[in-house]
2 protein chains.
Amino acid sequence: MISIAHIDKTSAPRVQDARSLHSRDHCSTCSLHSLCLPTGLCESEMNRLDKIIGRRRKVLKDEALYRMDDPFTTLYAVRLGHFKTHQVTPAGDEQITGFHMAGELLGMDAISTDRHHCYAVALEDSEVCEIPFAQLEQLFAEMPTLLRHFHRLMSQEITRDQNTMLLLGNMRAEQRFAAFLVNLSSRYKVRGYSPTSFQLRMSREDIGNYLGLTIESISRLLARFKKQALLKVSNREIELLDLPMLKQLAMQGNTAH
Amino acid sequence: MISIAHIDKTSAPRVQDARSLHSRDHCSTCSLHSLCLPTGLCESEMNRLDKIIGRRRKVLKDEALYRMDDPFTTLYAVRLGHFKTHQVTPAGDEQITGFHMAGELLGMDAISTDRHHCYAVALEDSEVCEIPFAQLEQLFAEMPTLLRHFHRLMSQEITRDQNTMLLLGNMRAEQRFAAFLVNLSSRYKVRGYSPTSFQLRMSREDIGNYLGLTIESISRLLARFKKQALLKVSNREIELLDLPMLKQLAMQGNTAH
DNA sequence: CGATGTCTTGAAGTGGTTCAAGTCACGTGG
DNA sequence: CCACGTGACTTGAACCACTTCAAGACATCG
């Protein structure tokens with residue numbers, strides 16, 4: 001485990017120098033490049049993309065990567081750690097719109113208005129690659145593969161959000177939570193982690209907020225699933241014991257409406 | 001009123017000829033070009049975009065413009081009429097993900113997988129412009145303004161969906177329905193129609209499905225709003241009598257969670 | 001070793017659903 | 001033109017899934 005919890009803020013310029021000199025990783029050597037923006041690029045194209053990626057930035061747990069209404073200049077690729085994005089209404093209600101893990105792009109919702117439409121907050125000490133959008137746009141003109149993949153990523157974000165709408169509009173509590181777990185599972189799987197054994201990076205409250213349920217409901221659902229031997233849970237450590245059954249539950253029809 | 005309800009299907013090729021010869025409208029003369037894809041383009045750019053727009057297509061009420069899992073080749077701009085988009089789960093549950101009116105782009109969710117992710121069905125006899133995506137991509141390389149606006153439209157779709165997530169995850173029935181009405185109102189307003197007096201193009205059932213409520217709830221909410229003199233309603237004809245109050249209701253905080 | 005925040009569990013309450021009858025609007029055919 | 005049928009909507013009453021409220025257990029950390 002590498003600790004990135006304590007950063008000497010007084011030495012920021014020096015650290016940046018160090019990064020540009022040697023410690024900076026490249027898209028081509030990044031283990032996430034098959035999920036992230038560089039997907040499908042050749043070596044030389046990846047290097048060009050590399051050049052515009054300003055710097056990596058560390059974001060401590062509970063720190064905001066950006067805030068709602070901040071002016072938009074750059075996209076972020078999660079390199080390490082986890083984030084949540086959430087909106088806040090004028091009345092102060094919060095809605096978490098997504099949880100984001102390594103290889104995912106943050107900030108695409110800001111393109112339409114040049115201002116961020118939500119908050120992005122680190123769920124643990126995390127790290128992102130900054131991708132200045134204006135420079136990325138320049139590359140688009142010359143790298144159709146990059147552009148095409150960027151469109152795929154935006155489109156993916158749309159379908160993801162629409163799936164969540166389906167979850168919130170149509171599913172019962174049990175289905176929602178099962179779908180949530182199955183979703184996490186498959187995302188860890190494509191990243192090479194165990195699809196059945198992982199840590200919940202977010203609080204019960206975050207889960208409840210995301211799923212349109214209360215924290216108590218989440219707690220009860222966990223207890224119920226545990227009793228049904230669908231999973232083991234200890235604090236935020238989860239082991240899915242019956243993934244097929246959870247998938248079944250997640251797909252199950254809804255008698256309502 | 002122009003009736004497009006009866007189309008002689010046997011004469012399809014002849015009709016297409018006729019279109020390409022004279023009856024075809026152009027982006028530059030279209031009243032929607034400030035909302036739609038050509039936004040911000042100069043005359044000559046608009047003409048180039050015009051050239052790739054294959055044809056206009058009529059879609060009768062309740063007909064599908066495309067179906068879930070159809071292969072994706074073209075985007076559609078709504079030219080006339082209204083559409084709904086909805087997903088269907090394996091279990092047969094439906095979730096309407098949006099209602100779409102003139103000037104809006106349909107099909108962007110299909111880019112990520114090259115297959116449509118939802119159904120698009122006309123709520124009344126309607127008309128769309130077909131925009132072959134492969135050709136559009138070619139234009140992107142040469143028309144940065146077009147590309148930029150396309151990104152704005154995709155980003156807009158993301159923020160729209162996220163707003164709906166907030167609605168479904170956080171709001172009470174009354175707020176949801178008020179927000180729905182206010183949303184329609186403002187969309188008609190930017191199109192130059194009355195923001196207070198319009199027809200609901202969708203059934204109560206569609207509204208309920210979209211808002212995650214039952215048809216009975218919608219009916220009761222309409223009755224309540226009517227009693228509170230917030231609106232008049234007769235069948236699908238709506239008149240909003242107190243738009244400020246409806247906005248107030250839509251923004252109101254939620255005690256839940 | 002308290003103090004604080006996170007989570008669990010139980011009991012009571014309720015907003016919206018479900019179920020069941022209507023009513024209304026509209027098209028169709030006699 | 002009316003009778004009829006059908007689909008869309010309304011309204012009432014009973015119900016229930018999830019919330020709310022409340023109390024306590026547990027984990028983490030200065």
Side-chain angles (χ1 to χ4, degrees), chain A residues 3 5-6 60-62 84 93-94 96 123-125 167-178 180 199-227 231-238 249 252-257, chain B residues 3 5-6 61-62 84 93-96 123-124 167-180 199-227 231-238 249 252-257:
Chain A
S3 167
H6 51 295
L60 300 187
K61 182 175 156 111
D62 295 326
K84 68 173 171 183
D93 298 326
E94 227 179 280
I96 293 176
L123 293 172
E124 61 188 316
D125 294 345
L167 179 146
L168 291 171
N170 256 309
M171 294 185 179
R172 298 304 187 79
E174 192 182 68
Q175 287 180 74
R176 292 186 199 188
F177 189 54
F180 170 74
Q199 232 195 78
L200 297 172
R201 287 351 201 270
M202 66 295 286
S203 67
R204 306 283 194 270
E205 188 169 6
D206 283 344
I207 298 174
N209 181 300
Y210 176 66
L211 297 178
L213 301 169
T214 57
I215 182 173
E216 291 95 331
S217 291
I218 301 303
S219 197
R220 281 186 250 270
L221 284 165
L222 269 171
R224 197 199 305 174
F225 283 1
K226 198 156 95 175
K227 202 158 101 187
L231 50 75
K232 280 190 205 171
V233 57
S234 164
N235 303 324
R236 297 194 177 179
E237 205 60 53
I238 282 263
L249 277 179
Q252 207 138 86
N254 174 19
T255 53
H257 310 321
Chain B
S3 168
H6 51 295
K61 182 176 155 114
D62 296 327
K84 68 173 171 183
D93 299 325
E94 227 180 280
Q95 172 71 36
I96 294 177
L123 293 172
E124 61 188 316
L167 179 146
L168 291 171
N170 256 310
M171 293 185 180
R172 298 306 187 76
E174 192 182 68
Q175 288 181 73
R176 293 187 199 188
F177 188 54
F180 169 75
Q199 234 196 76
L200 296 173
R201 287 352 199 269
M202 66 297 285
S203 67
R204 306 283 195 269
E205 188 168 5
D206 283 343
I207 299 174
N209 182 300
Y210 175 65
L211 297 178
L213 301 169
T214 57
I215 183 174
E216 291 95 332
S217 292
I218 301 303
S219 198
R220 280 186 251 269
L221 284 165
L222 269 171
R224 196 198 305 174
F225 283 2
K226 198 156 97 177
K227 202 158 102 187
L231 50 76
K232 280 191 204 171
V233 57
S234 164
N235 303 324
R236 296 194 177 180
E237 205 61 53
I238 282 264
L249 276 180
Q252 208 139 85
N254 174 18
T255 51
H257 310 321

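Quantities reported herein were computed from a predicted structural model and do not represent experimental measurements. Letters A, B, ... mirror the listed sequences (proteins, then strands); counts begin at 1.
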With respect to the side chain of [X], which nucleotide from [options] is positioned closest?
X: A/S203; options: C/dT8, C/dC7, D/dT10; answer: C/dC7
X: A/A223; options: C/dC7, C/dT9, D/dC9; answer: C/dT9
X: B/R236; options: C/dC7, D/dA8, D/dT10; answer: D/dA8

Problem set entry | Residues which pass salt bridge (Lys or Arg N to Asp or Glu O under 4.0 Å) with B/R201, listed by chain and number, not counting sequence neighbours |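 Partners of B/R201 by the salt bridge (Lys or Arg N to Asp or Glu O under 4.0 Å) criterion, ordered by chain and then number, come out as B/E124.
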For this session: Could you pull out all residues at least two apart from A/R224 that satisfy salt bridge (Lys or Arg N to Asp or Glu O under 4.0 Å)?
Result: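 A/R224 satisfies salt bridge (Lys or Arg N to Asp or Glu O under 4.0 Å) with A/E174 once adjacent residues are dropped.
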Does [X] use its side chain to pair, donor to acceptor, with the backbone of [Y] at less than 3.5 Å?
X: B/R176; Y: B/L168; result: yes
X: B/D93; Y: A/N170; result: no
X: A/D125; Y: A/K61; result: yes

Problem set entry | B/F177 side chain reached by B/L249 side chain, heavy atoms, under 4.5 Å |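 Of all side-chain heavy-atom pairs linking B/F177 with B/L249, none is under 4.5 Å.
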Once you round it to whole Å, what is the distance between [atom2] of [N] and [atom1] of [X]?
X: A/I215; N: C/dG5; atom1: CD1; atom2: P; value: 13 Å
X: A/M202; N: C/dC7; atom1: CE; atom2: C1'; value: 16 Å
X: B/Q199; N: D/dC9; atom1: CD; atom2: C1'; value: 16 Å

Which atom pairs link the protein and nucleotides 21-26 of chain D when you take only N or O atoms and keep those under 3.5 Å?
from: D/dC21; atom 1: N4; to: A/E216; atom 2: OE2; distance (Å): 3.2

For this session: Determine to 10° how strongly the helix from C/dC1-D/dG30 to C/dG30-D/dC1 is bent, judged from the axes of its five-pair ends.
Result: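 About 30°, once rounded to a multiple of 10°.
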Using a cutoff of under 3.5 Å, can you pull out all pairs of nitrogen or oxygen atoms linking the protein to nucleotides 16-18 of chain D, with atom names and distances?
from: D/dC18; atom 1: OP1; to: A/A173; atom 2: N; distance (Å): 2.7

Exercise. With sequence neighbours left out, what residues match B/S203 under side chain to side chain contact (heavy atoms under 4.5 Å, CB included)?
Worked result: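 Testing B/S203 for side chain to side chain contact (heavy atoms under 4.5 Å, CB included), a comparison that skips the adjacent residues, returns B/E205, B/D206, B/R236.
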